[in-house]
Amino acid sequence: METLKNKKVVIIGGTSGIGLATAKLATLKGANIIIASSNQQRVDNALQELPNESKGYAVDATNESQLKILFEKIGSFDHLIFTAGEGLILENIADASLETAQKFFNVRYWGAFTAVKYAIPYIRTTGSITLTSGIASERPNKGWTLSASICAAMEGFTRALAMELAPIRVNIVSPGMVKTALWSAMPDIDRQAMYTNVGNALLVKRVGEAADVAKTFIYLMEQDFGTGQTLIVDGGTSLI
Ligand SMILES: NC(=O)c1ccc[n+]([C@@H]2O[C@H](COP(=O)([O-])OP(=O)(O)OC[C@H]3O[C@@H](n4cnc5c(N)ncnc54)[C@H](OP(=O)(O)O)[C@@H]3O)[C@@H](O)[C@H]2O)c1
């Protein structure tokens, strides 16, 4: 069913992983897609995987003026999704460099903050914003202080936005481990071993695929009544 027929959906971080999977699924539901990320080549590659009418722009989510110009160019639209992010350093707080740790807020937190700020005048009142957290806030492990802090900040930001921007609905998706390019810095053999070990420990006996999480983003655009919520999709991570 084309539940998003003729809806204009903007996905910052839509060139890879969860964002690209959401873009693909949204087009099957009838949406018109606009993707953005910082690397032109990745934008071009992603557009090859989407219908011809889809649009893509190279925009760095840490660059305020690029985001402002992006939304001026796009004009009115229905749904904003923010999935931009990079692999984080996982380390104990005693070993953390404060300067490096602070920089990791730039894309995921400040990027989302800036994107929402400049998107607001253009989002239809029947539309929605869906942001990205992670299970680190709910169920942290040792070495996850940075990741947990960013995710918790994003979830509080989401609730505050839901109050401030109503009737626009604002929600956030919190995935567990998902097989995407986010983990590509790890050697292949270590990454596969991590997926297997983490997957075996999960209630669903596997780590997530980008398409699993994409379904959650689609649901949050389709539904009309929930706002200010964190929707966890983690294979049961938060229960073990
Ligand atoms: N994969 C997981 O296990 C997992 C678990 C929990 C939460 N998450 C969160 O889910 C979100 C999506 O991650 P993913 O797994 O789909 O990773 P991914 O495949 O690496 O995708 C990340 C996307 O963010 C874009 N991006 C990175 N820096 C950017 C910047 N400065 N400006 C604009 N776009 C930027 C990337 O494109 P460019 O490189 O072209 O900029 C890419 O499109 C992230 O916030 C991640 O932290 C992931």
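Here the structure is a predicted model, which is why all the values come from computation and not from measurement. Atoms within each ligand, like the ligands themselves, are counted from 1 in listed order.
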Visitor: Measure from atom 16 (O) of ligand 1 to every heavy atom in Leu20, Ile12, Ile18 and give the option owning the shortest one.
Guide: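 Ranked by closest heavy atom to atom 16 (O) of ligand 1, first place is Ile18.
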Visitor: Which atoms from ligand 1 have a heavy atom of Trp183 less than 4.0 Å away?
Guide: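 Counting from 1, the qualifying ligand atoms are 1 (N), 2 (C), 3 (O).
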Visitor: Are the side chains of Tyr219 and Leu231 in contact, using a 4.5 Å heavy-atom criterion?
Guide: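 Side-chain contact under 4.5 Å: yes.
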Visitor: Report, in ascending order of atom number, the atoms of ligand 1 lying under 4.0 Å from any heavy atom of Val59.
Guide: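 Those atoms are 32 (N), 33 (C).
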Visitor: For ligand 1, which atoms sit closer than 4.0 Å to a heavy atom of Ser133?
Guide: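 Contacts of ligand 1 toward Ser133, numbered from 1: 7 (C).
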Visitor: Starting from atom 5 (C) of ligand 1, what is the nearest protein heavy atom, named by residue and atom, and what distance separates them?
Guide: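 For atom 5 (C) of ligand 1, the nearest protein heavy atom is Gly176 O, 3.2 Å.
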Visitor: Looking only at heavy atoms, is any part of Thr132 under 4.0 Å from ligand 1, and if so is it the side chain, the backbone, or both, or is it neither?
Guide: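 The answer is the side chain.
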Visitor: Check the pair Glu222, Lys29 against salt bridge (Lys or Arg N to Asp or Glu O under 4.0 Å), reporting the backbone distance first and the verdict last.
Guide: CA-CA 10 Å; Glu222 289 174 342; Lys29 302 265 181 180; 3.4 Å; yes
Visitor: To the nearest 0.1 Å, how far is atom 40 (O) of ligand 1 from its closest protein heavy atom, and which atom is that?
Guide: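 Atom 40 (O) of ligand 1 sits closest to the protein heavy atom Ser37 OG, 2.6 Å.
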Visitor: For atom 19 (O) of ligand 1, what is the closest protein heavy atom, and at what distance to 0.1 Å?
Guide: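 Its nearest protein heavy-atom neighbour is Ser16 OG, 2.6 Å.
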Visitor: Should Arg108 be listed as contacting ligand 1, given a heavy-atom distance under 4.0 Å as the test?
Guide: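 Checking ligand 1 against Arg108, which is what was asked, there is a heavy-atom contact under 4.0 Å.
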Visitor: Does Val107 reach ligand 1, in the sense of a heavy atom lying below 4.0 Å from it?
Guide: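 Yes, Val107 has a heavy atom closer than 4.0 Å to ligand 1.
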Visitor: Between Glu64 and Lys117, does at least one N-O distance fall below 4.0 Å, as a salt bridge requires?
Guide: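 Result for this pair is no, no salt bridge flagged.
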Visitor: Starting from atom 44 (C) of ligand 1, what is the nearest protein heavy atom, named by residue and atom, and what distance separates them?
Guide: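 Result: Thr83 O, 3.5 Å.
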Visitor: Hey, are Asp78 and Arg124 close enough for a salt bridge, meaning a charged N less than 4.0 Å from a carboxylate O?
Guide: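 Here Asp78 pairs with Arg124 in a salt bridge, since their nearest N and O are under 4.0 Å apart.
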Visitor: Tracing side-chain links under 4.5 Å among I, L, V, M, F, W and Y, which residues wind up in one group with Met1?
Guide: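 Traced through the cluster, Met1 reaches no other member.
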Visitor: Heavy-atom contacts with Ala61 under 4.0 Å: which atoms of ligand 1 show up? List them by number with element.
Guide: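 Reading through ligand 1 atom by atom, the close ones are 30 (C), 31 (N), 32 (N), 33 (C).
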Visitor: Distance to 0.1 Å, residue and atom name: give those for the protein heavy atom nearest to atom 22 (C) of ligand 1.
Guide: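 Minimum-distance protein heavy atom for atom 22 (C) of ligand 1 reads Gly85 O, 3.5 Å.
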Visitor: For the residue pair Ser137 and Glu155, confirm or rule out a side-chain donor-acceptor distance under 3.5 Å.
Guide: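 Result is yes, a qualifying pair exists.
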Visitor: Among pairs that include at least one residue of residues 181-191, which meet side-chain hydrogen bond (donor to acceptor under 3.5 Å, both in side chains), considering only residues two or more places apart or in two chains?
Guide: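 Qualifying pairs: Asp188-Arg191.
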Visitor: Which of the numbered atoms in ligand 1 are under 4.0 angstrom from any heavy atom belonging to Gly17?
Guide: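 Counting atoms of ligand 1 from 1, those under 4.0 Å from Gly17 are 16 (O), 19 (O).
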Visitor: Considering the heavy atoms of Thr15, write down every atom of ligand 1 situated less than 4.0 Å from one of them.
Guide: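 Close to Thr15: 37 (O), 40 (O), 42 (C), 43 (O).
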Visitor: Could you tell me which atoms of ligand 1, counted from 1 in the order shown, lie closer than 4.0 angstrom to a heavy atom of Asn39?
Guide: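 By the 4.0 Å cutoff, the relevant atoms are 40 (O), 41 (O).
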Visitor: Taking the side chain as every heavy atom from C-beta outward, state whether Gln229 and Arg159 have any atom pair closer than 4.5 Å.
Guide: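 When only atoms from C-beta onward are counted, Arg159 and Gln229 do not touch, as no gap falls below 4.5 Å.
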Visitor: Check the angle between the aromatic planes of Phe105 and Tyr109 and answer parallel, tilted or perpendicular using the 30° and 60° thresholds.
Guide: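 Ring orientation of Phe105 relative to Tyr109: perpendicular.
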Visitor: For ligand 1, which atoms have a heavy atom of Met177 less than 4.0 angstrom away?
Guide: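 What qualifies from ligand 1 is 3 (O).
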Visitor: In terms of residue, atom name and distance, what is the protein heavy atom nearest to atom 23 (C) of ligand 1?
Guide: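 Scanning the protein heavy atoms, the shortest distance from atom 23 (C) of ligand 1 goes to Gly13 O, 3.8 Å.
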Visitor: For His79, run the side chain to side chain contact (heavy atoms under 4.5 Å, CB included) check against Thr130, Ile11, Leu4, Thr126 and tell me which one passes.
Guide: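 Only one option passes, and that is Leu4.
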